[in-house]
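One structure below.
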Number of protein chains: 2
Amino acid sequence: MNKIENILESKNIRVTAMRLLIYKFLAQKEIAVTLSDIENAFEKADRTTLYRTIKTFEENDIVHQIDDGTGITKYALCEKDCNCEIETDLHLHFHCNNCNETVCLTDHKIPQIKVPDGYISENVNLVVKGICDKCSG
Amino acid sequence: MNKIENILESKNIRVTAMRLLIYKFLAQKEIAVTLSDIENAFEKADRTTLYRTIKTFEENDIVHQIDDGTGITKYALCEKDCNCEIETDLHLHFHCNNCNETVCLTDHKIPQIKVPDGYISENVNLVVKGICDKCSG
DNA sequence: GGTAAAATGCACTTCCATTGCAAGGTGTTA
DNA sequence: TAACACCTTGCAATGGAAGTGCATTTTACC
Ligand SMILES: [Mn+2]
Ligand SMILES: [Mn+2]
Ligand SMILES: [Zn+2]
Ligand SMILES: [Zn+2]
């Protein structure tokens with residue numbers, strides 16, 4: 001029934017009111033959010049709590065961090081069964097230069113990237129910048 | 001003879017002692033550098049001057065900015081005849097998780113990336129993280 | 001040399017990320 | 001249920017990097 005509780009419990013994270021609220025907030029958003037976004041959505045809560053909640057989610061593969069080049073870290077819920085840490089599962093991110101929103105393109109996996117001899121690839125970050133579908137219409 | 005002077009002049013940038021020094025510093029480095037790196041190399045100079053010098057270089061396509069995901073902006077000299085702004089000329093960057101250094105892989109161009117219908121790609125940032133050749137030996 | 005424009009240096013600000021510590025909750029076990 | 005350990009939350013403070021305003025110095029040009 002209460003899916004979110006189950007998800008948290010499956011990761012051995014305590015279910016708290018704050019965590020449920022933040023999880024719901026992330027789930028309803030279709031774009032990556034900054035800590036400030038969360039802060040604005042929960043003005044009663046302390047910034048530190050929100051920060052540490054997100055960090056807890058991140059450490060437990062509930063959210064992944066996105067560096068879209070704006071200089072501000074963004075976060076988005078992982079897909080269910082996603083394996084963020086596996087290189088072949090990495091999707092690309094799109095940042096709109098017009099509306100400034102960043103989205104996960106979860107079904108656009110990052111192609112295999114060749115690196116020179118001697119280099120070992122462990123992880124790839126691919127961000128495309130441009131105009132999103134809402135803004136290009 | 002004095003190549004650097006020529007480069008600066010060709011971009012209509014005044015030749016100053018500071019700019020020559022910083023250009024030389026960047027040229028001798030084979031890795032991308034942070035503002036702090038430059039700061040440490042020129043302790044007599046003011047941080048703001050170094051900052052604005054780099055910005056001037058950047059605006060005139062003498063250096064390009066690199067966001068390798070560490071959260072600290074890095075800079076590297078552009079290749080001669082490079083067209084940083086042209087999407088097809090973009091090369092990938094490699095960040096070593098061991099020595100923390102970031103390098104331009106200038107002859108590894110970024111492949112064409114497909115984006116969903118309605119999205120327009122203007123720019124791509126591709127950073128591979130892993131172990132560099134010096135560290136993997 | 002004199003002048004205007006550009007570069008430099010200093011002080012200050014802003015913004016985001018991160019930490020220490022104390023207080024409040026929760027769950028567990030005797 | 002009472003005590004306890006452990007986790008979570010809130011508040012205050014810090015740190016690092018980026019950026020700005022303004023006065024002073026330097027440069028290019030006449
Ligand atoms: Mn994503
Ligand atoms: Mn580069
Ligand atoms: Zn948009
Ligand atoms: Zn290395």
Side-chain angles (χ1 to χ4, degrees), chain A residues 2 4-25 32-60 62-76 95 100 102, chain B residues 2 4-25 32-60 62-76 95 100 102:
Chain A
N2 280 321
I4 304 179
E5 276 91 335
N6 294 343
I7 293 169
L8 296 183
E9 281 167 1
S10 75
K11 307 274 189 178
N12 291 315
I13 299 173
R14 282 196 187 166
V15 178
T16 69
M18 207 66 248
R19 287 175 180 169
L20 290 174
L21 285 171
I22 294 178
Y23 192 103
K24 273 180 206 156
F25 175 74
V33 300
T34 65
L35 193 58
S36 295
D37 293 333
I38 304 176
E39 222 179 317
N40 293 334
F42 300 98
E43 297 196 341
K44 316 146 218 159
D46 186 76
R47 187 188 156 74
T48 312
T49 304
L50 303 174
Y51 173 75
R52 287 201 259 237
T53 300
I54 274 287
K55 284 294 166 195
T56 301
F57 284 180
E58 197 189 343
E59 286 159 13
N60 289 278
I62 293 172
V63 307
H64 61 279
Q65 193 172 329
I66 301 163
D67 173 11
D68 62 7
T70 57
I72 304 169
T73 306
K74 295 184 180 174
Y75 304 90
H95 175 76
N100 210 35
T102 297
Chain B
N2 281 322
I4 305 179
E5 275 92 336
N6 293 343
I7 293 170
L8 296 183
E9 280 167 1
S10 74
K11 306 276 188 177
N12 290 317
I13 299 172
R14 285 195 184 168
V15 177
T16 69
M18 206 66 250
R19 287 173 179 172
L20 290 175
L21 285 172
I22 295 178
Y23 192 104
K24 274 179 205 157
F25 175 75
V33 300
T34 66
L35 195 57
S36 295
D37 293 334
I38 304 177
E39 222 178 319
N40 293 333
F42 299 97
E43 298 196 341
K44 317 146 216 161
D46 187 76
R47 209 182 57 79
T48 313
T49 304
L50 303 175
Y51 172 75
R52 287 200 260 234
T53 300
I54 273 289
K55 284 293 166 198
T56 301
F57 283 0
E58 198 189 343
E59 285 159 12
N60 289 277
I62 294 171
V63 306
H64 61 279
Q65 195 172 329
I66 301 163
D67 174 10
D68 63 6
T70 57
I72 303 169
T73 305
K74 295 183 180 174
Y75 304 90
H95 175 76
N100 210 36
T102 297

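A, B, ... follow the sequence lines: proteins, then strands. Residue 1 opens every chain.
Between I66(A) and the options T73(A), T102(A), V33(A), a side chain to side chain contact (heavy atoms under 4.5 Å, CB included) holds for only T102(A).
Distance CZ (R52(A)) to C1' (dG24(C)): 14 Å, rounded to an integer number of Å. dT27(D) atom P lies 13 Å from atom CD of E5(B), rounded to whole Å. One can place CD1 of I72(B) at 10 Å from P of dG16(D), the figure rounded to the nearest angstrom. Atoms CD (E59(B)) and P (dG19(D)) sit 11 Å apart, rounded to a whole Å. Rounded to whole angstrom, the span from the CZ atom of R47(B) across to the C1' atom of dC10(C) amounts to 11 Å. Atom CG in L20(B) sits roughly 11 Å away from atom P in dT27(D) (whole-Å rounding). Going from atom CD1 of I54(A) over to atom P of dT9(D) covers 13 Å, rounded to whole Å. What separates NZ of K11(A) from P of dC7(D) is a distance of 19 Å, to the nearest Å.
Between dA17(C) and K55(A), no contact under 4.0 Å exists linking OP1 or OP2 to a side-chain N or O. Between T48(B) and the phosphate of dC10(C), there is no side-chain N or O to OP1/OP2 separation shorter than 4.0 Å. At dT8(C), one or more side-chain N or O atoms of T16(B) fall inside 4.0 Å of OP1 or OP2 (strictly under the cut-off). The side chain of Y51(B) places an N or O atom within less than 4.0 Å of a non-bridging phosphate oxygen (OP1 or OP2) of dG19(D). The side chain of T49(A) contributes no N or O atom lying less than 4.0 Å from OP1 or OP2 of dT8(D).
Side-chain proximity of R14(A) to the nucleotides dG9(C), dT26(C), dT27(D) is greatest for dT26(C). Which of dA7(C), dG9(C), dA18(D) sits closest to the side chain of A45(B) comes down to dG9(C).
Of all heavy-atom pairs between I7(A) and S10(A), the closest is O-OG, 2.6 Å. Between T70(B) and H95(B), the shortest heavy-atom contact is CG2-CE1, 3.4 Å. Of all heavy-atom pairs spanning E43(A) and N40(A), the tightest one is CG-O, 3.3 Å.
Considering NZ of K74(A) and CG of L35(A), their distance stands at 13.0 Å, rounded to 0.5 Å.
Position along DNA chain D of the nearest nucleotide to A17(B) versus M18(A) favours M18(A) as the more 5'-ward residue.
At the heavy-atom level, R19(A) lies under 4.0 Å from the strands shown only through sugar-phosphate atoms. Using a 4.0 Å heavy-atom cutoff across all strands shown, T73(A) reaches sugar-phosphate atoms only and no base atom.
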